[in-house]
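Below you'll find the structure, written out as structure tokens, and then a few comments.
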Amino acid sequence: MYPFPLALQDLLGHWPSYLVYLLVGFSFGYVLEIGGFADSRKLAAQFYFKDLTVLKVMFGAIVTAMVLIFLASGVGLLDYNLIYVNPTYLWPGIIGGLIMGVGFIVGGFCPGTSLVSAAVLKLDGIFFALGVFFGIFLFGETIGYFEEFWYSSYMGRFTLQDWLNLPIGIVVLIIILVALFMFWGGELLEKKFGNADLTKEPKWRYGAAAILVVGAIAVVIIGQPTTADRWTALEATEGARLANREVQIHPGELLEKLHDATLQVIMLDVRSEADYNLFHIRDARRVPLDALPGLIPALHEEPANTLFVVMSNDETAATEAWKILRAESVPSAYILEGGINNWLTVFADEAFRETAVKANTPDDSLAYSFPSALGARYEWAEPNPHDYTLAFTPKVELELKRGPSGGGCG
Amino acid sequence: MTTLTTTTTPKRTFKDRLLSLVQRDAKPYVHPYKAGILLGLVLFGAFFITGNGLGASGGINRILVVVEDAIYPAHIDRTAYLASMAGGETNPLDSWVVFVTIGLVIGGFTSGLINGRLNITTNRGPNVPVKVRWVMAFIGGAFMGYGARLARGCTSGQALSGGAVLSVGSWAFMFAVFGGAYALAYFVRKLWN
């Protein structure tokens with residue numbers, strides 16, 4: 001399940017995988033050219049309502065791709081979690097967009113179309129492309145003066161369905177209806193300002209519009225896979241790893257990884273706030289189980305050398321958390337073996353263990369009593385790895401990330 | 001009775017063939033909706049196979065940084081924004097977007113060649129001298145380039161790609177681009193009409 005996007009770097013190797021991108025770029029350039037995007041007059045006419053090719057091609061492309069993406073994700077072919085969604089930096093995006101609007105109407109292109117125009121030897125396209133180089137050069141030289149603004153209003157992977165709090169299918173349907181309305185309005189404008197003869201427009205466009213609407217309704221009906229659906233799809237393979245105890249790592253291994261400078265370890269502690277305040281491993285983040293799904297997009301933004309370790313008092317809650325992480329395609333996720341109780345058994349000093357151990361504790365609850373809530377201010381919240389020689393079977397294997405390695409248009 | 005006439009065409013030299021490739025009659029552009037659907041399929045294909053969308057300005061940026069790095073590497077290493085692409089031993093061309101950008105140019109050229117639209121000319125408004133058009137194109141390009149990096153992507157990388165996967169920032173960006181252009185369109189109407 002969810003075989004796409006492909007792990008291109010694994011399949012083809014690092015540099016050869018770029019051939020796929022070369023092919024994508026080739027198709028992109030070819031389609032832009034046959035659509036007339038190499039002609040600045042055609043692009044500028046958009047802004048005088050004479051020829052709305054830009055609107056039709058752009059929104060046509062967006063809605064076509066959108067319906068296909070969410071259909072593919074709905075039927076379990078494509079993993080939306082692994083797709084690069086441009087992170088939202090709201091104000092830099094809006095100000096940058098306004099500046100680009102100025103460039104668009106003055107120069108008659110956008111960066112991609114100017115390259116296509118230059119490729120078919122249009123001199124204005126070549127001058128525009130040179131201007132783009134100059135503008136980008138200026139940006140590199142001046143970004144230092146307003147870097148704070150450039151990183152401001154960051155909202156991460158923030159999608160329309162999150163913002164509107166609607167199911168994806170409904171958002172898709174709304175966008176398609178709005179796009180069709182804009183196409184209709186655009187044609188009327190072309191008739192008024194550009195003297196276009198609408199009777200000569202092909203009839204198949206009604207069919208295409210109908211297919212889009214049907215596609216959007218299909219997205220609404222099929223819906224998107226929930227975390228539970230996604231886990232069901234993985235249960236055969238991931239459940240076996242869980243049962244074979246391939247993902248439960250010894251406290252000693254966690255300690256070793258915490259001191260491995262080539263790794264970033266993110267510890268997610270899913271216990272109650274009370275337990276967390278009594279004791280937790282230094283730098284562990286408390287994330288209640290029901291808040292974990294909301295954290296998934298942020299976890300996907302972590303670099304590829306990140307190790308995720310979930311923990312509870314024993315393993316029950318941590319295993320639930322691990323299932324959520326795996327179902328949502330978070331790579332390199334592990335469970336702390338025996339949880340915090342086992343960590344204390346291994347690292348807390350003997351005097352403490354003998355006096356504080358509780359008799360008969362229920363499953364997945366703290367097996368030691370703490371006189372005060374000192375959190376991570378115990379010695380054994382950050383043990384010195386040189387003080388211990390522990391025998392354990394190392395289990396951690398970093399998974400290469402599938403899909404984009406961070407950085408859309410970067 | 002029909003009469004058959006045979007015409008003998010003069011043998012074409014290689015040079016003639018080469019010229020005829022460039023000089024063939026320009027075919028009309030495809031219908032905008034058809035182009036939109038095709039572009040949508042390319043965009044979907046890109047996301048489906050690679051997980052990334054499309055892009056252009058990022059690629060231009062990195063190609064520019066190669067030149068800058070060759071001229072003044074110490075400056076690259078001291079500027080955080082540039083160092084992230086080419087600091088130290090980092091190869092700025094080691095990025096998918098560079099290859100999309102190179103492919104974009106080759107694809108555009110190929111289509112121009114096949115469809116007879118490969119000719120040296122300057123497209124401009126009816127009342128604009130060629131040189132004014134060149135200057136305006138350069139100025140517009142500079143605005144575009146600057147804005148695209150500020151917004152972390154251009155029309156392809158932000159509006160098209162981010163729009164299709166429903167990023168809020170990309171939709172806000174898209175409205176800003178169109179808003180900016182429409183707001184100014186009236187004042188520069190002489191450039192295009």
Side-chain angles (χ1 to χ4, degrees), chain A residues 5 18 21-22 24-27 29-31 33-36 40 44 47 53 56-57 60-62 64-66 68 85-86 88 93-94 96-107 110-112 116 119-121 123-124 127-128 131-132 134-136 139 143 158-160 403-404 409-410, chain B residues 29-30 32 35-36 38-40 42-44 46 51-52 55-58 61 81 96 99-100 103-105 107-109 111-112 120 122-123 134 137-138 140-147 149-151 153-157 162-170 173 176-177 180-181 184-185 192:
Chain A
Y18 288 143
Y21 290 105
L22 203 61
V24 166
F26 182 91
S27 328
Y30 196 96
V31 172
E33 208 286 331
I34 60 172
S40 52
F47 300 103
T53 297
K56 291 177 186 170
V57 175
I62 288 174
T64 306
M66 178 181 68
L68 289 173
V85 173
N86 301 58
T88 295
I94 290 176
L98 289 171
I99 295 175
M100 284 178 70
V102 173
F104 206 155
I105 194 64
V106 170
C110 56
V116 172
V120 294
L121 309 178
L123 294 174
D124 51 329
F127 275 100
F128 189 98
V132 172
F134 180 68
I136 291 177
F139 181 78
I143 170 67
F158 184 43
T159 55
L160 291 175
C409 217
Chain B
Y29 293 126
V30 303
L38 286 174
L39 186 56
V42 172
L43 182 57
F44 168 70
N52 274 308
S57 68
N61 198 166
Y81 174 71
W96 66 274
F99 292 85
V100 171
L104 174 77
V105 174
F109 175 81
S111 168
I120 301 173
T122 299
N123 290 321
W134 290 352
F138 186 85
F143 271 95
M144 261 293 176
Y146 199 94
R149 293 330 290 163
L150 181 57
C154 53
T155 333
S156 345
V165 294
L166 309 178
S167 164
V168 171
S170 298
F173 162 84
V177 174
L184 202 65
W192 301 106

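The sequence lines fix the lettering, A, B, ..., with proteins before strands; numbering per chain opens at 1. Here the structure is a predicted model, which is why all the values come from computation and not from measurement.
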Quiz item: If you look at every heavy atom in B/Gly108 and A/Ala119, which pair is closest and at what distance?
Solution: C-CB, 4.3 Å

Quiz item: chain B: which of A/Ile143, A/Val106, A/Ile136 shares the most heavy-atom pairs with it under 4.5 Å?
Solution: A/Ile136

Quiz item: Can you name the nearest heavy-atom pair linking A/Pro111 to B/Cys154, along with the distance?
Solution: CG-CB, 3.7 Å

Practice problem: Look only at the side chain of B/Asn123 and the backbone of A/Asp124, and say whether a donor-acceptor pair between them is shorter than 3.5 Å. | Solution: no

Practice problem: Would you give the length of the straight line joining atom CZ of A/Phe26 to atom OG of B/Ser111, rounded to the nearest 0.5 angstrom? | Solution: 8.5 Å

Practice problem: Could you check which of B/Leu43, B/Leu184, B/Val177 has the highest count of heavy-atom pairs closer than 4.5 Å to chain A? | Solution: B/Val177

Quiz item: So, B/Phe99 versus A/Tyr21, ring centres under 6.0 angstrom or not?
Solution: no

Exercise. Look at A/Thr53, A/Val116, A/Val24, A/Leu98 and state which one has the largest set of heavy-atom pairs under 4.5 Å with chain B.
Key: A/Leu98

Exercise. Against chain A, label B/Trp134 side chain, backbone, both or neither, depending on which of its atoms sit under 4.5 Å from a heavy atom there.
Key: both

Quiz item: Residues in ring pair (Phe, Tyr, Trp, His ring centres under 6.0 Å) with B/Tyr29, at least two apart?
Solution: none

Practice problem: Could you tell me whether the side chain of B/Trp96 reaches within less than 4.5 Å of the side chain of A/Tyr18, counting heavy atoms only? | Solution: yes

Practice problem: Name the option with the most non-hydrogen atom pairs under 4.5 Å to chain B; the candidates are A/Ile105, A/Thr159, A/Ile99. | Solution: A/Ile105

Exercise. Tell me, out of A/Met100, A/Lys56, A/Met66, who's got the most heavy-atom pairs with chain B below 4.5 Å.
Key: A/Met100

Quiz item: Which heavy-atom pair separates B/Ala181 from A/Phe47 by the least distance, and what is that distance?
Solution: CB-CE2, 3.2 Å

Self-check item: B/Phe143 to A/Gly103 - nearest heavy-atom pair and separation
Solution: CB-CA, 3.6 Å

Quiz prompt | Max heavy-atom pair count under 4.5 Å with chain B, selected residue of A/Gly35, A/Ser40, A/Ala44, A/Ser27 | solution = A/Ser40

Quiz prompt | Best-contacting candidate, B/Gly107, B/Gly169, B/Ala35, B/Ala46, against chain A by heavy atom pairs under 4.5 angstrom | solution = B/Gly107

Quiz item: Which atom pair, heavy atoms only, marks the closest approach of A/Phe127 to B/Ala137?
Solution: CB-CB, 4.0 Å

Quiz item: Side chain of B/Thr155, backbone of A/Cys110: donor and acceptor closer than 3.5 Å?
Solution: no

Quiz prompt | Partner chain B: residue of A/Val57, A/Thr64, A/Thr88, A/Val31 with the largest heavy-atom pair count (under 4.5 Å) | solution = A/Val57

Quiz prompt | For chain A, the option from B/Gly141, B/Ala151, B/Gly140 that forms the most heavy-atom pairs under 4.5 Å | solution = B/Gly141

Quiz item: How far apart are the closest heavy atoms of A/Val85 and B/Ser167, and which atoms are they?
Solution: CG1-CB, 3.6 Å

Quiz prompt | Distance (rounded to the nearest 0.5 Å) between A/Ile94 CD1 and B/Leu150 CG | solution = 11.5 Å

Self-check item: Interatomic distance, A/Asn86 atom CG to B/Leu166 atom CG [nearest 0.5 angstrom]
Solution: 11.5 Å

